[in-house]
There are 2 protein chains.
Amino acid sequence: MRAGTAVLTVDAAGMRAQNSGLLLNMIWRERQISRAEIARRTELSPSTVSAIVADLEQAGLVRSIGAGVSRGGRRPTLIGFCDEAFSLVGVELGASHVTVVLTDLRGRVRTQSKASHAVRGDPEGSLQKAKELIQECLEAERVPRRSVVGMGVAVPSPVHPAAPGKMSPLILPAWKHVDVKDWFQTTFDMPVFVDNDANLGALSECFWGAGSGGEDLTYIKLATGIGAGHIIHGDVYRGAGGTAGEIGHIPVDSNGPLCVCGLRGCLVTLIGSTALTERARELMGTRGRKGPTVRDLVEGARTGDAAAKQIIDGMGAYLGIAVGGLLNLLNPAIVVLGGEISSVGEMLLDPLRASVRQRALSVSMAETRIVTSTLGERAIAVGAATLVLQAALRDRSLFPTQTVGRTA
Amino acid sequence: MRAGTAVLTVDAAGMRAQNSGLLLNMIWRERQISRAEIARRTELSPSTVSAIVADLEQAGLVRSIGAGVSRGGRRPTLIGFCDEAFSLVGVELGASHVTVVLTDLRGRVRTQSKASHAVRGDPEGSLQKAKELIQECLEAERVPRRSVVGMGVAVPSPVHPAAPGKMSPLILPAWKHVDVKDWFQTTFDMPVFVDNDANLGALSECFWGAGSGGEDLTYIKLATGIGAGHIIHGDVYRGAGGTAGEIGHIPVDSNGPLCVCGLRGCLVTLIGSTALTERARELMGTRGRKGPTVRDLVEGARTGDAAAKQIIDGMGAYLGIAVGGLLNLLNPAIVVLGGEISSVGEMLLDPLRASVRQRALSVSMAETRIVTSTLGERAIAVGAATLVLQAALRDRSLFPTQTVGRTA
DNA sequence: TGGTATTTCTTCGTCAATCGAACGAACTCG
DNA sequence: CGAGTTCGTTCGATTGACGAAGAAATACCA
């Protein structure tokens, strides 16, 4: 009994908000565009476009960046987005580390800082650590508090849409009594957005990586845990309870080892970092006291180590079972693999694609590109910052109204 | 590099269109509501609401339906939707039959007609059959052509968003040179919408069945083929290539029989109608010349036949593997089972839920309701009609402008 | 029973945002 | 160097929503 999308009503002011938002997005996307061109594309009248652009210029969001090429008459003045007018803070609370980035409005990292920390078991300490790192970043760039739009936080837990600050008691039991969103909001007094790490990896890829230009992709984070994030119609899709994308607990081998979740042969027990390094210890021998790491595995694969290659082949085969199901069920335009191990590139993609081909309809396979991420280890923290950007590009009022415009 | 939803720009007329559309939806959803209540909920001014309601009344879409209860002052005049003002045509091209329904704007079937036909191999004959049935329905109710909003067509093939009239050459090779959408459009000269049968079953459930009230569900059609349809944020999700929901070809048993798609142990080879009836023949013996049908199986299960129960148990177990993956990947709010066999209800749901519990995270499991459809065999044809309704509720201009208003 | 407060809905003047036409500025092309 | 084109702005007209005020209908209370 549901019907058309429940949009908000519009009055005269809402009309302006909607149109100016649309223009802001267009200018952001196009990087440089003339008023005349905007008028042609939006079918708004030239006078309206001029008025709105003046508004945006006043707010310090866009500015003139010289003249374009003539189309047979007066040369157009190009309008560009002020990428550096505001800053975004992105925080990644990983399983065992905290990463903070300070980016501009084009996802470029201005400062970053990172610290190892046992996040899972120590909420208070982790938050304190995050606070220090954030302050460090803000001070390093002498960023005035006024110019920070907001803060995005990536957490290693599903996030329920109705209570975005609460962690899953199953995944992070120690965090039971903490509300992450509230804590950051009260500590830093700015808008805070919280989401799952894989979801934010997906958002990052959609904005800045392999999926840029598209609106639908799935990102798979290969690390200690295996998680996926879906972007559907340009938005993170969280599912009814926020657990969409929990690909790590898909059973792929009914004879596999027992998983913490209670099931047997979950993907994560077979290709999670722990499983990989254990297998590496068996096949490649111990390196130093602590045995081989994922980094060693990547290194081994690069230098042609047969054992490393074998491990990654096996990983591709298992992962293919889950990805095959994904293609049949969701048919995403792109599947992006992230996490440290994904840096081996084709070495993982080849066996993966072969495995998927055995399990997915050729049609869905043909429509889907499977690639590895090129954004590196900051992808998730940047994705967190991107969550703020996405919100602000939708709702202009999130950009602080600044008196002295810093432009770029 | 994508940002805020690419909405259209708004001028004064667009403002009215948006607001009147919103109001129309609200009246449709609420069935009866006063102008004052609309004004409170939409935060539109009372004068504006009155003006828009007058518009809608003029167009024959809504009408006064008496007075409501007073809240301490003048009694409100309730406005209701004219459910019977227009008609919708829904066509289902099944694997071996053609069904046509004529519904009102509340999904109620006014007339229906159905014929067996070998649809897969005979495009021309099927279309001709459909034409006859449609004309039959239109004449039976003496529906003036003017009052038909449009036609929805369900096809047993994935539908590519970019070419909605073309069938998949893999699934329906004989239909290669036919454009279904074009054919119906030129034959009946009205708006035509085409989609996959499972997608339309899902839409039907979302509007009129188990999912009504919600915006996210997955429907699984259990028949000769096994297909799923996803409703995400109130909309059919088709994926990049239109093959989202091809759950039938998820491999659930690596030792299973070979499937037409080239893989082994696909869900459809294990729990498709053919597999079920074959298994029934083994366990229940032949009934008459042709062996047991799905109907016999349902009947057997109802009357407590042990063999039938065993077959359905097995079906639930296999289906659970696929549904478990679905819950982990997509975390829908509701999973609805459709198709003839689903009428056994709990008999299928029990083993299914047990199987899913072994394969899905308890979190996603807890958030998801798994139920059987109650809409019966017309669900898909009605879903096709609903596709037209959904489009028209979004874009009022799809409703024909009629001079003499037929109301309800 | 009658008066007052409340709620509903309409009327009418005001306001805000867009549009369209006209205009000046800047440029290309022949 | 002039004609024609394109770009951006200015200004009056139009449109739709809003707000205040008023009329109608009803509940509540003395």
Side-chain angles (χ1 to χ4, degrees), chain A residues 7-24 26-27 30 32-59 62-80 396-397, chain B residues 7-24 26-27 30 32-59 62-80 396-397:
Chain A
V7 201
L8 288 168
T9 54
V10 181
D11 60 355
M15 185 158 82
R16 182 51 156 268
Q18 187 159 333
N19 286 340
S20 81
L22 192 69
L23 252 78
L24 186 64
M26 185 171 284
I27 296 169
E30 300 297 327
Q32 49 180 47
I33 186 168
S34 71
R35 290 173 237 259
E37 182 62 24
I38 293 175
R40 276 190 294 270
R41 293 204 201 170
T42 59
E43 296 185 306
L44 250 43
S45 73
S47 41
T48 304
V49 172
S50 279
I52 293 176
V53 168
D55 261 20
L56 295 173
E57 203 162 6
Q58 183 67 28
V62 308
R63 68 199 176 86
S64 290
I65 48 169
V69 292
S70 165
R71 305 195 328 154
R74 175 175 166 181
R75 295 166 65 194
T77 36
L78 296 177
I79 310 296
R396 222 189 97 182
S397 69
Chain B
V7 201
L8 289 168
T9 53
V10 181
D11 60 354
M15 185 158 83
R16 182 50 157 266
Q18 188 159 333
N19 286 340
S20 79
L22 191 70
L23 249 104
L24 186 64
M26 187 171 282
I27 296 170
E30 301 296 328
Q32 50 180 48
I33 187 169
S34 70
R35 290 171 239 258
E37 182 61 26
I38 293 175
R40 277 191 293 268
R41 292 203 202 169
T42 60
E43 295 185 308
L44 248 42
S45 73
S47 40
T48 304
V49 172
S50 281
I52 292 177
V53 168
D55 261 20
L56 295 173
E57 204 162 5
Q58 182 66 30
V62 308
R63 67 199 176 89
S64 290
I65 48 170
V69 292
S70 164
R71 306 195 330 154
R74 175 175 164 180
R75 294 164 65 193
T77 18
L78 296 177
I79 309 296
R396 221 189 97 182
S397 69

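Numbered from 1 within each chain, the chains take letters A, B, ... in sequence-line order.
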Taking [atom1] from [X] and [atom2] from [N], how many angstroms apart are they, rounded to a whole number?
| X | N | atom1 | atom2 | answer |
| --- | --- | --- | --- | --- |
| L23(B) | dA17(D) | CG | C1' | 13 Å |
| R35(B) | dA25(D) | CZ | C1' | 14 Å |
| E37(A) | dG8(D) | CD | P | 10 Å |
| I38(A) | dT6(D) | CD1 | C1' | 16 Å |
| Q18(A) | dG16(D) | CD | C1' | 15 Å |

Option from L44(B), L23(B), I52(B), V53(B) for which side-chain contact (heavy atoms from CB on, under 4.5 Å) with R35(B) holds: V53(B)

In a table with atom names and distances, give each donor-acceptor pair under 3.5 Å that connects a side chain of residues 71-78 of chain A to protein atoms at least two apart or in another chain.
unit_1 : atom_1 : unit_2 : atom_2 : d
R75(A) : NE     : G68(A) : O      : 3.1

Would one find a side-chain N or O of R40(B) under 4.0 angstrom from OP1 or OP2 of dT8(C)? yes

Within the structure, does a side-chain N or O atom of R71(B) lie under 4.0 Å from either OP1 or OP2 of dT26(D)? no

Kindly state each residue pair satisfying salt bridge (charged side-chain N to carboxylate O under 4.0 Å, His left out) with at least one member in residues 43-59 of chain A, sequence neighbours excluded. R16(A)-D55(A)

Can you name the residues that form a side chain to side chain donor-acceptor pair (under 3.5 Å) with [X], not counting sequence neighbours?
| X | result |
| --- | --- |
| S45(A) | S47(A), T48(A) |
| S50(A) | none |
| S34(A) | none |

Scoring nucleotides 17-27 of chain C by protein non-hydrogen atoms under 4.0 Å (B base, S sugar-phosphate only, - none) yields SSBB---BBBB

